[in-house]
Amino acid sequence: MAMVNRPQFLPWLPPIGRKTLFALAVAFICFAFAFPVLWLILTSLRPESGVYYVHRGTEFTLASFAEVLSDERIVAAFLNSALISTLATVFSLLVTVSSGYMLSRFTGPASRLWFGTIYVFRCVPYISWVLPLYFVTQSWGLYDTYTGLLLPHIAVHICFFSWLMKGFFDGIDPSMEYAAMIDGCTRWGAFIRVAVPSALPAISALAVLCWLFTWNEFLFALILTGNRVPVITVVMAQFVTEMGLRWNLMAATAVMALLPAFLIALFGQKYVIRGLRI
Amino acid sequence: MRPAARFAAGFPKTGNRFDSGEAMAAISLSKLNKHYGSLFHAVKDVDLEIADKEFVALVGPSGCGKSTTLRMIAGLEDITSGDIRIGNKVVNHLPPRDRDVAMVFQNYALYQHMSVYDNLAFGLRNKKTPEAEIRTAIDRAAGMLGLHDLLQRKPKQLSGGQQQRVALGRCIVRNPQVFLFDEPLSNLDAKLRAQMRIEIKRLHAEIPTTSVFVTHDQVEAMTLGDRVVIMRDGRIQQIGTPLQVYGKPANKFVAGFIGAPAMNFIDVNVRSAAGVTSVEAEGLRLTIGPADAAALAIHSGRRVIMGMRPEHLSLGAGAPGLGFDAHVEVVEQLGSEILLETRVGNASITAARVPAETAIARGDQVRLSAQAGRLHFFDPETELPIS
Ligand SMILES: Nc1ncnc2c1ncn2[C@@H]1O[C@H](COP(=O)(O)OP(=O)(O)O)[C@@H](O)[C@H]1O
Ligand SMILES: [Mg+2]
């Protein structure tokens with residue numbers, strides 16, 4: 001692998017020039033991605049009067065955070081989002097792990113039918129699920145309930161993440177499970193006691209992805225919930241009112257909503273990446 | 001490994017199934033067939049009787065259905081038709097866990113998330129064996145295989161050879177009726193492979209257990225097997241002791257597959273005149289001894305395939321009527337001997353066992369001679385031996 005002669009970027013430049021250019025390009029891309037987040041954090045720290053000239057003011061305050069946290073509805077939204085994300089992750093993983101395993105190890109008609117089904121749903125644009133789901137939740141009396149939001153999320157997780165899980169299991173040598181079956185396990189026992197523990201890093205990585213997916217999800221939450229089940233993404237958008245935009249509050253809420261992802265990036269990144277790679 | 005080997009040599013065989021006089025574990029396959037899908041016939045009418053405590057090596061080129069056969073014995077693969085008996089009991093539909101077999105896989109198949117100790121204990125724990133007994137069994141197996149220092153490690157922290165020894169230990173600990181091996185040495189380097197071969201041989205002597213050993217390497221098969229089974233395209237070609245399959249191959253395929261370097265095949269014409277039978281090809285004319293002459297005489301005037309093993313060719317004049325001139329094309333110096341690739345007419349012939357000190361070079365003309373009674377003849381149509 002080492003000595004492959006790849007075509008070089010700007011071959012007429014001296015190596016130092018290439019390195020400098022490369023560094024500049026990386027810096028620019030990082031900045032382009034980081035800038036909105038930095039701006040958001042700055043905005044959240046400005047007093048209400050300062051939000052339109054974030055770049056100029058020198059006055060900083062945590063008042064917006066205090067105001068947001070004293071709003072019961074926002075606190076409830078945080079709790080709801082966390083609860084729904086966690087429940088959706090737990091329930092969907094139960095299905096995703098076994099369905100990914102089935103897709104990876106079995107080739108019978110049942111497996112092919114299941115594969116076809118989730119493939120079809122996977123191909124349908126996400127947004128076109130929303131309206132049918134709205135009518136279904138309405139008619140089943142699930143509109144604006146935990147269940148009414150939870151079930152669609154679980155379904156989406158299953159369709160989106162069974163694939164990933166199949167990939168993980170494809171990467172695990174099945175002879176370990178055969179050994180287990182010879183060593184006294186049933187097929188199911190070999191799955192639970194050998195395949196799942198070996199896939200645990202991948203499963204934890206997937207759990208993080210599932211959790212963040214639901215935590216960040218906006219469309220379903222907007223359409224399928226009303227006032228009874230506020231979730232954070234929707235509540236955040238509601239700072240846009242007829243009276244005007246409450247930028248500072250919106251930014252403060254957004255910064256707090258970024259925290260879980262931020263913490264995972266900080267402490268769990270290594271594990272997530274390792275898990276996604278097995 | 002050395003201390004462990006010494007320890008094992010003096011190891012009392014307590015707790016062994018054979019001391020308590022349990023059932024015999026012969027394996028019998030009859031008319032065994034396996035189809036994958038509707039088109040692919042992977043194993044065809046396999047009949048095989050394996051005696052209790054016998055070590056059978058199943059050998060053949062890659063893709064010939066060895067693993068499939070083994071996996072059917074283990075119960076990992078459904079059988080399409082036929083019967084499998086283990087110890088006189090038909091096990092066709094028994095799941096693997098009820099067959100009392102143990103298996104070693106090519107890629108070791110250790111449980112990655114468990115320590116070596118837990119790997120070894122896994123099978124016994126499934127049988128609800130008391131922990132104290134498990135400890136004794138593991139201690140014994142670890143002693144035999146030199147695993148004592150590794151028991152707390154995870155498989156990832158072991159070398160390939162160590163992992164394969166753990167896999168062997170996992171089988172021994174369970175004390176099953178049958179050991180199945182699916183190319184267990186293929187992932188090891190040549191030196192380690194030779195070591196492990198001896199280790200497996202020693203284990204079988206210490207714990208005599210019915211064993212089926214699958215390999216594509218004929219050297220492994222010959223050195224390990226009490227009997228060797230040669231397969232091709234899903235069919236058994238020959239079953240016999242290593243000497244039988246080497247000395248009396250059942251067809252041209254077996255003759256070419258067993259033995260290294262491989263047997264030379266030359267198309268020859270048979271000539272029988274005045275009571276003397278000879279075979280001829282371009283640049284070659286050999287007089288056939290009385291043993292083969294009778295069988296060959298009826299093929300007089302026809303073309304047959306002659307097989308000569310490289311190790312049965314020697315440099316020099318040899319017996320009258322068995323020598324021929326050869327043009328040296330490649331000289332392979334092995335230190336202990338020289339391998340010669342030569343050309344005779346339009347056939348290429350390999351000769352082994354040329355003394356290492358012989359002064360010989362590419363382009364030389366040498367005289368080679370065959371050994372009387374060591375020639376093989378095959379019918380070009382059926383590829384069956386003529387005798
Ligand atoms: N699950 C399977 N589905 C279809 N064909 C298979 C399957 N397993 C093995 N085969 C085919 O059966 C033949 C025999 O395979 P195998 O028994 O693994 O050969 P080997 O002698 O190398 O161990 C091969 O041609 C292989 O491609
Ligand atoms: Mg194989």
Side-chain angles (χ1 to χ4, degrees), chain A residues 93 97-98 100-113 115 165-207 270-278, chain B residues 36-37 67 70-78 94-115 118-129 154-156 163 166-184 187:
Chain A
L93 276 184
V97 171
S98 35
Y101 184 75
M102 178 174 91
L103 291 176
S104 167
R105 294 290 192 263
F106 297 89
T107 49
S111 181
R112 279 202 294 269
L113 182 70
F115 187 82
M165 211 57 228
K166 172 189 182 315
F168 297 146
F169 281 119
D170 284 346
I172 295 178
D173 182 2
S175 52
M176 220 193 299
E177 293 141 45
Y178 299 139
M181 284 160 70
I182 290 175
D183 267 351
C185 289
T186 57
R187 192 80 191 73
W188 181 253
F191 166 62
I192 295 291
R193 297 185 48 199
V194 174
V196 169
S198 337
L200 217 52
I203 295 174
S204 346
L206 193 63
K270 205 168 72 188
Y271 301 98
V272 172
I273 289 173
R274 188 193 299 161
L276 289 174
R277 276 217 306 235
I278 65 163
Chain B
Y36 283 115
S67 295
L70 197 73
R71 292 163 54 80
M72 285 194 286
I73 300 175
L76 294 172
E77 206 79 68
D78 291 332
L94 277 187
R97 62 180 183 281
D98 294 331
R99 295 194 184 193
D100 199 14
V101 301
M103 187 155 166
V104 184
F105 295 83
Q106 176 172 353
N107 41 21
Y108 326 125
L110 299 179
Y111 311 126
Q112 296 297 328
H113 57 290
M114 297 182 195
S115 69
D118 292 334
N119 264 278
L120 296 173
F122 190 80
L124 291 179
R125 285 187 181 143
N126 282 334
K127 284 199 264 183
K128 309 262 183 295
T129 312
K154 287 280 175 63
K156 278 212 181 88
Q163 291 194 46
V166 174
L168 283 175
R170 194 167 60 180
C171 292
I172 296 173
V173 164
R174 280 188 35 217
N175 196 15
Q177 287 197 71
V178 174
F179 283 147
L180 303 173
F181 301 85
D182 193 353
E183 312 225 8
N187 283 6

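Per chain, numbering begins at 1; letters A, B, ... match sequence-line order.
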Hey, what donor-acceptor pairs show up under 3.5 Å between chain A and chain B?
residue : atom : partner : partner atom : Å
A:D173  : OD2  : B:N107  : ND2          : 2.4
A:S175  : OG   : B:N107  : OD1          : 3.1
A:A179  : O    : B:Y111  : OH           : 3.4
A:A180  : N    : B:Y111  : OH           : 3.2
A:M181  : O    : B:R97   : N            : 3.3
A:I182  : O    : B:R174  : NH1          : 3.3
A:D183  : O    : B:N126  : ND2          : 2.8
A:D183  : OD1  : B:R174  : NH1          : 2.8
A:D183  : OD2  : B:Y111  : OH           : 2.9
A:R193  : O    : B:H113  : NE2          : 3.1
A:R193  : NH1  : B:N126  : OD1          : 2.6
A:R193  : NH2  : B:N126  : OD1          : 3.4

Q | chain A interface, residue from B:C171, B:A167, B:G123 that has the most non-hydrogen pairs under 4.5 Å | A | B:G123
Q. So, for B:A74 and A:I182, which heavy atoms are closest and what is the spacing to 0.1 Å?
A. CB-CD1, 4.0 Å
Q) With A:F115, which residues qualify under ring-ring contact (aromatic ring centres under 6.0 Å, His included), at least two apart? A) A:W163
Q. Is the closest side-chain heavy-atom distance between A:M176 and B:L110 below 4.5 Å?
A. no
